[in-house]
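Keep in mind the model is a prediction, meaning the values are calculated, not measured. Start at 1 with the first residue, then count along the sequence.
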Amino acid sequence: MAQCVQSVQEFIQDSFVPMVAVLCSEDAEKVTRKNNLNFSELVRPFCRLTSEGHMRDPNNQIQLVKNLKISVSNVVTQPPKPALIRRLLDEVVSVCQPADALVANVITAGDYDLNISDRSLKASVPWYNSWKETLGELNTSKFYAATTPWFEAYRENFLQSMPASEHEFLNHYLACMLVVSSGEASPVEQFLKLSQEQHRIQHSGEHSFPKWFIPNTLKYYVLLHDIAEGDESRADAVYEDMKQRYGTQACYLLKINSHTSLHHRQIPDPEPSRYKTSTNAEDLDSLDSSTKDAVPNNFDSHPLQLDHPSDPGGPQETLEALRAVAPGPEGKKQPGVTSHGACLTLNDHDRIRQFIQEFTFRGLLPHIEKNIRQLNDQLVSRKGLSRSLFSATKKWFGGGKVPEKSINELKNTAGLLYPPEAPELQIRKMADLCLLVQHYDLAYSCYHTAKKDFLNDQAMLYAAGALEMAAVSAFLHPGAPRPYPAHYMDTAIQTYRDVCKNMVLAERCALLSAEILKSQTKYSEAATLLIKMTSEDSDLRSALLLEQAAHCFINMRSPMVRKFAFHMILAGHRFSKAGQKRHALRCYCQAMQVYKGKGWSLAEDHINFTIGRQSFTLRQPENAVSAFRHILINDSKQAASQQSAFLREYLYVYKNVSQASPEGGLPQLPLPCIQSSATRVFFGHDRRLAEGEKQAATHVSLDQEYDRDLSQQWRELEEQVVAIVHRGVPSTFQPTQYCLNSQTDNTRFPLAVVEEPIIVEVVFRNPLKVPLLLTDLSLLWKFTPKDFSRPQDGEAGEAVSNEKEAHSLKAPLKSDFISTEVILEFSMSLEETKVARLKLLPHQTGELHILGVVYNLGTAPSPAEGVPVGDGLTVRGRQDLEIQGPRLNGTKEEKTSVTHGPDRRLDPIITPHAPAGGEGSAPVLPRPAPSLDPIITPPMPLLEVFFINFPTGLLCGEIRKAYVEFANVSQVPLTGLRVVCKHPEFFTFGSQAAPLTPLSPTASEHCSAYKTLVTEQAAVSLVSPAHFGAGAGGPCPGVVHIPLPDAVLQPGASVQLPLWLRGPDHEGVHEINFLFYYESTEKRSKLSHRVLRHTAVICASRSLSVRATARRSNTFQEQEDGPGGSMLVFVDVENVNTNESGVREFHIVQVSSSSKQWRLQKCINPSKDKDSKLTSRQRGKLCFRATKCRTTEATSKAQEKYTFADVNLGNEQIISATTPCADFFFRRCPSAEAKKKAAVGHGGLPHPKGWESGEEDLTGVVRKCSEVDLHVIVLWKAYVVEDNKQLILEGQLHVALQTIGKEACSLTQKEEAQEMVLLKFRPEHPPPLARPSMEQLSYLIKTNLHYPESYSHPFPQRSLCMVPVTLRLSNCSLAQVDVIIDLRHKATSPETLEVHGSFTWLGQTQYKLRLQAQEIHKIRLTACFIHAGVYNLGTPRVFAKLSDQGSMCETSQQNSMPALIIINSV
């Protein structure tokens, strides 16, 4: 239970006090009414004795009476009505609320810190967390208990309002004060009348109420003297006469009203609550300490008694007095309340206190002592007992327990009544007297004896009362040898409730027992007892008891916090049913502290819903809105109907709040949820839609998903083109960002352009299962005008905002600064996530801050019902867009703390034009001028690109011609148009020297993409790579300058340019990114540019696979080969198409070559069919003879030029040295050249110390012997059937031959994944120097044998046949070579001997020669045969080495092809 102001002993002792009645004359009432009080109210604050009293028990032992309190009240002749009692108790609880000024009381229960105070309303709601700060103020104590003064006030008033009953005497009057004024004409006669009135009320039988303890009631005569008006000598004389008549112990002279002036009265009341009002607290310290022990809102006198006819007070006045002292809505007392005790001084207080002590010690206690003796003697004589009851106390306390029958076995005799003189009632009466004067041991003995007698008679009401008081006496007895009999209380409660059906007595018994159990730390038993006492007959009682049970759960040794919260919810529900709205709200708020944040969403929703309703009922609309808001912002698990009820309540409450303060700012709305981090901002113009066959550039839009890798590619492309234009990347360069999101770099202020829209995409999520309807949705912004072209000493203009206009926005808002678009309706279905794109159009330069969104929140009609959930209720509010930047992780401090950087995507700067670093760069902005009128500067140009006849599917290597249209849709001209792409081999705009082509797509519909001639002669052309944008000194091949007419595109103008496309070499879907770069013609202080993006998606299908190999020729033709020699090129073409694209067959129409050293001369295929046709999966082989370029073709001026040679296999010859064939060749070559150089280079490794220039020359010389550097271009046509029409497709494939004997393929194999390399932390020895391989050294010398193919010899006449043979040696290197020729080698394998036979070389068998660079040397040899046959003359072995490499051994040279000779016998 909650902690009480009083201890348990004080509480029980004050619950059963001697009752004293008061009868006043009319004049005496007039004297007391000067203080706005009657007599009982006047003396009530002084009814607790501050000194000890003494009395003797029946055994003549002195008993101390400490801290005794008496109850003084006017005589009431009618019992109070139960309805009035319930009304009083309800008012008592209602007016007693927690004090606002108290420090928050925090209880630490397990893992919870529970705030149990009036601040719990703020502490428990989820939107208020400052209550945790109070923990620091209360950390000096280990345990904090909560106080519930409303429960104490209810309990005390409940006990005092209990009507007197027949089965007990605790609420019966023991004495009666007869009060007469000294101003009476005959005070003695008036005393006689009052005495007779008291006797009539008690003994006439006319009044059953009040009850009197004993027939001989003590009468105490009080003479009341008004010092201000009365005659003091006469009062003294009357008092002397009274002492003679009634004795000094039965009368008293009380003098009051010492103060005469009422205007300067500053003496406070001794106990404000006793006088039903409050006074100043200046002199409270001077009062007796007994007055400070009182509980606020405590009424010791009978609150419902009927006063004397002269006393205007009564039950209704009591309730009105309660309302008068009740705090108002703001916790303040009601004004205009009359003060009490104004005529009393501190001396009067002392006189009243002395009067009460005299009455108690000299009148009441002796009277009680006498009656106890008399009752003891009567009982002893009637029972025939040999000893007094007191002598048997020890036996009763220590004796065995008498067997008792259970409640179920006893008959229902609750209505049994004993006569007043019955011995059982006399025992009970004696026990009650002992209990009232703190004689607990004798009281327990009497109760124990009476209990057995009542049980024997089955008088259950009496027995229950005896059991209850026996347990109380045993507990209060300080030295009791036996423990507290809790089972007595349990039996009494069960009897009251189940047998006697008296819930009032059962409640009193439960309240007493619970307090006793709490004092013994038996909180579980106390909670169980309190919960059992809840019922449906009284919501207020059930609520209070459930609340106390909840406090028991958190006061256990192991706090049961969830049970506390659950029972607080039950208590709040019962408080609500009882009409106690503030207490209900408090209980729910305290329970919320346990349920919040634990995942119990249904419980949280119920609690918040109730808090919202109760707060609205109590006129706390802000708290109500906050509670309902919390229900709606969380992911609710409620059913749709319940969610609609929540939303309906919220809309209704919010509507009332907004109507109460129409001039206030727009409040925050909870629905729908905004995913702020997903907000995207787009800066750009609305693109025109493509018409007909035109395809617009994709550029950037909000419909595209953000790809970090793709964004990095666009950045690299922009850096590439900026580096070409500016001859290096500027240090302030920042990539253009058209769309900002959570993954982009938002640390710098983005730049927007005047008169170009800003689109903000806001992601809304409806967490409810109820459709929502947002109307008049728009953005909130704040704009500061600035002119960035003015001097730096300028100042910014005054900030403007659209918040005021947004209150009643019905149409698009246009202003001189920003135009705001309004979405009239934005519907969201249940649990839907939907995006809204809101647009702003800036008209002036300056700084823009997008604050949030504003809209009307309502409910969309249900599809099934067609009626809005909220009955058409809509509320207008806002939601702020608060975006948290990325977490910083750069410095040590940032790593050890949680620090977030800025996110400025909603704070764009409006500029007339972008700075040189691009739109996304961070400019160094000058300070604006004082004037707010910006200088009108030309805006940026705006380019739109359309593609005409742009294919979506191509064969690998297919050439297709398309057109591109460039349109300038701005008001200023543009220039410097360039395009950059990661795949330059995919497209070309043609060379500078390109022949004329058709100017429109229609004119070129049936034309070939190549330039063709009708000829059968092999064409040879010299071409410079610079004409096609390539070459060592040329620009980057990925950046292409687009030729515009006059290099400028005027405003509103458009131009169409041809574009050749070539299908990628690998099949699949390819995404090719184009970045178009353009500038403004007006270049002032800084160069500006803009970019346009386009992504082309091409699906490539397989076409042909080309493999080529170069071999040295075995023949020697002096005229055709020339001094450079010749070689054979074998081309293997395979149709790898799978007919997926409808291709019937491929025709190889031409094979061209491009090289600086070699050219194809002719095709030496044995087949007579020159046009090679390949159907699916067919393979064709072609053989070509290649020769060195002639001297005229390889002049010094043409050293950097390429020789294009065309070998026509069809009727038409394609000029490969022109666009587009040469373009795609040169666009493909740089990658091959780069790979070649990387493969030949040294890998960037440092040269070792022993490195010499000769070593490097050696590698180069040897490599060039086997180097070919010949590019083969295979041009083909494909016949495709599509829509019953035959189409002819063209294409070309490239094969780069680098080395003799090494096969090259048009389809490069995919590079294998690079193996993981271990990290090396220590420097190792440098790698060994790369020397030429044996294979490379074997190509130094080329050998040819010249001999007759057949030779006839008459072997019968001459046995030896000698044939002359010429051995031709060619030095292929550019250095001197030492050659060794060995003719002694013979074939030793049996197979060779069997096929070719054996012969012998005659003459010198070994030669040593030194050949100069590229020297040709001939040696005449003679072969000797002994019989006819076929012989292989290719047996000479040739060894060679470079002359200047003395340490190098000779390397065997590559053998030539077999040289067969036929020897015939004649």
Counting only heavy atoms not in [X], do more than 12 sit closer than 6.0 Å to its [atom1] atom?
X	atom1	result
E1349	CD	no
R1177	CZ	yes
E1145	CD	yes

Backbone of [Y] reached by a side-chain donor or acceptor of [X] within 3.5 Å:
X	Y	result
S1153	R1159	no
N1137	R1102	yes
S1370	C1372	no
H1353	R1358	yes
R1185	K1162	no
S1306	V1106	yes

Pair D1378, S1443: side-chain N/O donor-acceptor within cut-off below 3.5 Å: yes

D1206 versus S1152, side-chain donor and acceptor atoms under 3.5 Å: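 Note: S1152 and D1206 side chains meet the donor-acceptor criterion.
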
Got a second to check how far [X]'s [atom1] is from [Y]'s [atom2], nearest 0.5 Å?
X	Y	atom1	atom2	value
E1267	K1302	CD	NZ	12.0 Å
E1415	I1341	CD	CD1	9.5 Å
L1345	T1366	CG	OG1	9.0 Å
F1399	C1424	CZ	SG	10.5 Å
R1420	Q1404	CZ	CD	15.5 Å

Which heavy-atom pair separates [X] from [Y] by the least distance, and what is that distance?
X	Y	answer
S1154	Y1202	OG-CD2, 3.5 Å
S1103	N1135	O-OD1, 3.4 Å
G1180	L1174	N-CD2, 3.7 Å
N1208	Q1213	ND2-N, 4.1 Å
T1109	R1111	CG2-NE, 3.9 Å
F1355	N1464	CE1-O, 4.1 Å

Aromatic centroids of H1271 and F1225 separated by under 6.0 Å: yes

Aromatic plane relationship, H1427 with Y1431 - under 30° parallel, 30 to 60° tilted, over 60° perpendicular: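 Y1431 vs H1427 ring planes: tilted.
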
L1275 and I959: CA distance, side-chain angles, deciding distance, side-chain contact (heavy atoms from CB on, under 4.5 Å) verdict: CA-CA 10 Å; L1275 293 97; I959 304 297; over 6 Å; no

Chi angles and distances behind the ring-ring contact (aromatic ring centres under 6.0 Å, His included) call for H1294, F1224: CA-CA 9 Å; H1294 309 102; F1224 289 115; 7.9 Å; no

Partner of R1062 under side chain to side chain contact (heavy atoms under 4.5 Å, CB included), chosen from L1293, T988, D1223: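 Considering L1293, T988, D1223, a side chain to side chain contact (heavy atoms under 4.5 Å, CB included) with R1062 is found only for L1293.
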
Given V1365, L1383, D1382, the one that forms side chain to side chain contact (heavy atoms under 4.5 Å, CB included) with P1436: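 When side chain to side chain contact (heavy atoms under 4.5 Å, CB included) is applied between P1436 and each of V1365, L1383, D1382, only L1383 qualifies.
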
